[in-house]
Colleague: 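Attaching a single structure in structure tokens format; questions to follow.
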Amino acid sequence: MTQRRRSPASYIIFGSIVGVLALLPLLKLLPTSWYAPLIFANFFAIFAMSWDLLGGYAGQMNLGHALFIGVAAYTSGLVSVHLGWPPWFTIPLGACAAVIVGALIGIPAIRLRGPYLALVTLLALIAAYKLVLIYSDVTEGISGMSFSPRSFFPPLGYDVPLAQVKVITYYYSLGLMTLIGLALLWVARSRWGAIFEAIRENEAAVEAAGLNPAKFKVVAFMVSASAAGLAGAAYVHLPILPVLQPGGLDGVLSLDLSLSIIVASVVGGLGTIIGPLIGAYVMKLSEQYLSELPLHVDAFRFLEGQGWITLLFLVLLIVLVLFAPKGLLPAFLDRLLRRQAVDVEIREEGRKR
Amino acid sequence: MSVILETRQISKAFGGLQAVHNLSFRVQQGEITGLIGPNGAGKTTVFNLVMGTLKPDQGRIHFKDRDITGRKTYQIVDLGIARAFQIAQCCPGKTIFENLELCACSNRLFSRSKYPSAPILQAAEQAGLTSELEKLPGMLPQAGLRRLEIARAVATSPDLLLLDEPFAGLTSGEIGALSRMIQELRDQGMTIVLVDHNVRSVMRLVDRVLVMSFGQLIADGSPGKIVADPMVQQAYLGTDHV
Ligand SMILES: Nc1ncnc2c1ncn2[C@@H]1O[C@H](COP(=O)(O)OP(=O)(O)OP(=O)(O)O)[C@@H](O)[C@H]1O
Ligand SMILES: [Mg+2]
């Protein structure tokens with residue numbers, strides 16, 4: 001018996017978003033200053049979607065998602081810089097490191113609930129950050145490591161014109177987002193995804209159903225970490241971002257990054273993959289828009305510097321959690337994405353019996 | 001006839017309270033066994049011990065000649081025991097169908113057949129939930145939730161089904177319907193242990209009765225024999241019950 005269990009709405013929305021993003025450079029709609037933020041938005045979307053699989057689906061409150069990103073980024077970056085290995089090898093290596101760390105964080109999650117697990121994920125991130133500072137003779141600490149064109153991926157050296165580098169990097173990052181996004185969407189809608197959701201809703205019911213929640217929790221951590229890690233490792237090898245640093249604006253181990261991932265996911269709508277994807281783009285693009293405002297309008301001078309914008313989003317998050325805890329996606333969209341109808345075929349089969 | 005479940009001298013204490021004390025009993029394959037006793041006698045605790053929710057302080061539990069003492073709940077479910085709680089343990093955000101699907105799906109990480117639909121549809125059919133498959137559990141009335149809880153247990157394709165107070169809070173019509181469902185499950189080959197305070201309904205259904213009081217077994221026999229047992233009457237039944 002074939003079963004079409006879930007509506008294709010998620011895939012249709014995902015495809016439309018990718019389509020629009022792919023068209024932007026072709027239609028020459030993008031000012032050059034918007035390439036870098038959009039490239040980061042593509043990665044940020046992966047971060048948010050991968051967080052959603054763990055936080056939104058499995059209900060495992062991970063406050064330190066940047067740990068997976070940072071571990072992968074540093075593994076890949078250190079091996080690349082110190083051993084000179086090529087990025088096509090070090091990027092998957094970084095993702096593997098993230099999966100291992102994901103499993104290690106997943107093990108305490110078997111026992112820990114709610115605030116205790118959140119605390120562990122937060123402390124693990126801070127510990128990793130401190131490690132980078134302690135070993136600053138290899139990691140170059142807070143100021144970060146620089147890459148040579150040999151470590152660039154896509155492999156674009158200094159001789160390629162910057163405008164071209166931006167367009168190629170944009171499509172590369174969009175391609176990566178598309179692949180990882182589809183993979184996450186597929187997992188979320190698979191048997192694993194159904195079990196993750198059930199763990200969030202009622203762990204006792206999962207055990208009573210003959211399923212081992214511990215095993216599937218660790219799997220959720222590993223899948224989430226692999227996606228975030230792959231993106232994190234790829235991110236540090238970009239030709240337009242030649243510095244790998246733990247904190248600060250582009251910090252791969254920063255608390256700011258972890259929090260903004262959660263903000264984007266909650267704004268978009270938890271447990272839908274598509275919601276956090278939309279949330280990520282809305283957040284990054286409005287950030288870029290707001291950061292350009294003071295250049296054009298005097299009244300918005302106060303927005304200069306990132307601090308205000310982050311604050312604005314945090315306030316938005318608080319308002320949202322209070323008034324629309326399901327996220328900004330309207331209720332009908334949520335219905336389309338998650339509350340899919342059971343296939344007619346099954347119903348008819350049921351009546352026949 | 002063979003023994004499907006056997007407890008050997010199991011004990012469980014909560015602090016100073018001996019909830020189950022040196023309890024040994026056998027459940028015959030293919031029978032409906034009633035387990036009755038006053039409030040706090042330890043019936044639910046026995047279910048918790050069998051299902052691995054609690055570990056016995058002493059004693060062993062055997063299922064189909066296999067020692068299952070100390071195993072995890074999901075392993076025990078996998079071996080073929082399922083329990084229906086009095087309060088439905090379901091996922092409120094999933095449809096009835098998805099809830100049943102979860103019970104039927106494999107615990108293996110990679111499994112070729114994702115959702116075996118036959119046990120799901122059969123469990124739904126038997127529980128009279130076929131037309132409600134798309135509903136959320138919250139939309140069901142009390143009796144419907146009870147049926148869902150039993151259907152969830154049945155969907156795991158168990159050989160032994162433990163039912164904890166399935167009749168509580170139901171009307172006599174609903175109890176009749178549920179009794180027929182339980183009989184139907186037995187006729188299919190399922191072994192059933194039934195705990196309920198509605199002694200009249202239990203006696204009508206069961207092949208054998210176990211009576212517990214203060215954590216111990218005080219009687220074991222056919223319904224007719226149990227009703228006549230003076231010790232049981234004193235401990236539990238009284239005159240107004242039967
Ligand atoms: N987890 C627990 N912690 C402490 N005491 C418990 C626990 N579970 C049960 N008890 C106690 O053990 C005794 C037996 O309880 P149990 O729930 O097994 O009785 P029961 O026969 O199911 O009663 P009822 O008919 O009221 O459901 C009771 O005194 C109860 O208070
Ligand atoms: Mg009880």
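Letters A, B, ... mirror the listed sequences (proteins, then strands); counts begin at 1.
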Colleague: What residue in B/Ala88, B/Ala82, B/Pro92 has the most heavy-atom pairs under 4.5 Å with chain A?
Modeller: B/Pro92
Colleague: Does a side-chain heavy-atom distance below 4.5 Å link B/Leu109 with A/Trp192?
Modeller: yes
Colleague: Heavy atoms only: give me the nearest A/Ala198-B/Leu102 pair and the separation to one decimal.
Modeller: CB-CD2, 3.4 Å
Colleague: Quick one: which of B/Val77, B/Thr53, B/Thr156, B/Asp78 has the most heavy-atom pairs under 4.5 Å with chain A, could you say?
Modeller: B/Val77
Colleague: Answer yes when B/Lys94 and A/Glu197 have at least one side-chain N-carboxylate O distance shorter than 4.0 Å, and no when they do not.
Modeller: yes
Colleague: Please round to the nearest 0.5 Å and tell me the distance separating atom CD1 of A/Ile195 and atom CG of B/Asn107.
Modeller: 7.5 Å
Colleague: Identify the two heavy atoms, one from B/Phe85 and one from A/Ala208, that lie closest to each other, and give their separation to 0.1 Å.
Modeller: CE1-CB, 4.4 Å
Colleague: A quick test of your reading: do over 12 heavy atoms of other residues, nucleotides or ligands sit less than 6.0 Å from CZ of B/Arg186?
Modeller: yes
Colleague: So does B/Asp65 have more than 12 non-hydrogen atoms from other groups sitting under 6.0 Å from CG?
Modeller: no
Colleague: Ignoring hydrogens and angles, tell me if any N or O in the side chain of A/Asn202 forms a donor-acceptor pair with the backbone of B/Cys90 under 3.5 Å.
Modeller: yes
Colleague: Tell me whether B/Lys64 at atom NZ has more than 12 heavy atoms from other residues, nucleotides or ligands lying less than 6.0 Å away.
Modeller: yes
Colleague: Heavy-atom distances under 4.5 Å only: say whether B/Arg152 touches chain A with side chain, backbone, both or neither.
Modeller: side chain
Colleague: In this structure, are over 12 heavy atoms from other groups packed under 6.0 Å from A/Ile107 atom CD1?
Modeller: yes
Colleague: Taking all non-hydrogen atoms of both residues into account, name the closest pair between A/Arg191 and B/Phe110 and its distance.
Modeller: NH2-N, 3.9 Å
Colleague: Measure the CG-OG1 distance between A/Asn212 and B/Thr73 for me, rounded to the nearest 0.5 Å.
Modeller: 10.0 Å
Colleague: Where the side chain of A/Glu201 meets the backbone of B/Gly93, is there a donor-acceptor pair that is under 3.5 Å apart?
Modeller: yes
Colleague: Using non-hydrogen atoms only, which part of B/Leu79 is less than 4.5 Å away from chain A: side chain, backbone, both, or neither?
Modeller: neither
